[in-house]
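Please read the structure below before turning to the comments.
Order of appearance sets the numbers: ligands from 1, and atoms from 1 within every ligand. Hydrogens, waters and symmetry mates are skipped; everything else that's a heavy atom, side chains included, is used.
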Amino acid sequence: MTLDKGTRLADLHVHSVYSDGEDEPAEIVRKAGLKGLSIIGVSDHDSISGVREAIIAGEKQGVEVIPATELSAIYNGADTHVLGYFIDTSNPVLLEALDRFANARRDRAEKMVKKLRDRGLKIEFEDVERAAGKGTIGRPHIALAMIKNGSVRSMDEAFYNYIGFHCAAYVRKYEIEPAEAAEIIHEAGGLAVLAHPLAGRAGRPDIIKILDAGLDGIEFRHPRLSSEDSEYLKSLAEERSLLLTGGSDYHGEGRGPGGLGECAVPAERVVAMKEALRGYSREALIK
Ligand code: AMP
Ligand code: FE
Ligand code: FE
Ligand code: ZN
């Protein structure tokens with residue numbers, strides 16, 4: 001898609017310190033303003049804790065902030081992320097689920113630290129907790145703790161040699177199906193969008209099954225997606241009348257996969273999301 005100079009842009013996939021991002025929500029909003037973005041979706045992994053702060057900062061700076069989250073699910077053994085947009089952040093079903101995920105993430109990180117220690121690495125769970133700070137604890141924080149104590153030189157090295165899917169210290173996460181993640185999002189009155197499909201281990205047949213299990217949209221623009229896959233996902237969405245979203249998956253200036261504003265989509269995509277929400281009653285979303 002070619003964009004006019006005047007096109008208002010939306011980066012619908014951004015992480016803050018409330019998961020594994022480097023920036024406070026207000027800092028992200030400030031940077032978004034400087035980049036001329038009109039809309040951002042603050043979509044922390046299994047967390048909504050940064051949304052309020054971002055909305056308040058956004059109101060001051062003229063950046064619209066969409067309340068969002070990125071729920072961790074597993075499909076056919078592969079990590080599958082489901083973005084939730086326009087969620088009611090006070091919804092009890094959502095809050096209960098996030099609480100469950102937070103506890104499970106803690107247990108899992110403890111187990112992974114134990115496995116690393118069993119392999120002779122000098123790492124304490126407290127180091128990982130410190131790296132996580134306010135964020136939902138996860139492998140990126142284990143990687144940061146490993147860098148800090150000199151076990152590895154980069155996050156990539158930590159993922160590649162120790163904590164990636166095929167590695168010895170890997171422990172599976174709390175497992176929910178993408179359809180369950182979509183249900184939680186629908187309970188909270190939001191739209192469920194499949195995050196960066198085809199950028200992970202799930203292939204095209206899996207993606208179709210996941211979409212047909214109750215998702216409302218596809219993230220078709222993402223730094224890890226080839227233009228060929230992006231076109232394929234667009235055609236899939238058109239066939240199924242699904243929404244199309246996109247964003248940078250920004251985690252901070254020094255972290256991948258994208259810089260703030262990369263893979264942003266025209267604000268019209270957000271208008272379509274709002275229209276879809278108006279068209280559905282909450283009951284219809286839950287069905
Ligand atoms: P977790 O949710 O704890 O399993 O951690 C997965 C998260 O780690 C992903 O959502 C990414 O944000 C991040 N991640 C995956 N691979 C890397 C990598 N090589 N370097 C930095 N972060 C990564
Ligand atoms: Fe992340
Ligand atoms: Fe993701
Ligand atoms: Zn993400």
Per-atom contacts of ligand 1 with [X], taking only distances under 4.0 Å to non-hydrogen atoms:
X      : answer
Lys173 : 1 (P), 2 (O), 4 (O)
Asp156 : 18 (C), 19 (N), 20 (N)
Met155 : 20 (N), 21 (C), 22 (N)
Arg105 : 2 (O), 3 (O)
Gly138 : 3 (O)

For this output row, return yes or no: ring centroids of His45 and His251 closer than 6.0 angstrom.
-> yes
Region of [X] engaging ligand 1 - heavy atom pairs below 4.0 Å:
X     : value
Asp79 : neither
His81 : side chain
His45 : side chain

Using distance alone, with no hydrogens and no angle criterion, decide if Ser154 and Asp156 have a side-chain donor and acceptor under 3.5 Å apart.
-> no
Hey, are the side chains of Lys31 and Tyr250 touching, using non-hydrogen atoms and a 4.5 Å cut-off?
-> yes
Write down the atom of Met273, the atom of Leu12, and the distance for their closest heavy-atom approach.
-> SD-CD1, 4.1 Å
Check Gly217 against Leu211 and note the closest heavy-atom contact, atom names and distance.
-> O-CD2, 4.0 Å
Which protein atoms of type N, O or S are found under 2.8 Å from the Fe ion (ligand 3)?
-> Glu70 OE2, His81 ND1, His196 NE2
Are the side chain of Tyr162 and the backbone N or O of Val152 linked by a donor-acceptor pair below 3.5 Å?
-> no
Kindly confirm or rule out a cation-pi arrangement of Arg201 over Phe165, judged by NZ or CZ under 6.0 Å from the six-membered ring centre and within 45° of its axis?
-> yes
Tally of protein N, O or S atoms, where distance to the Zn ion (ligand 4) is under 2.8 Å = 4
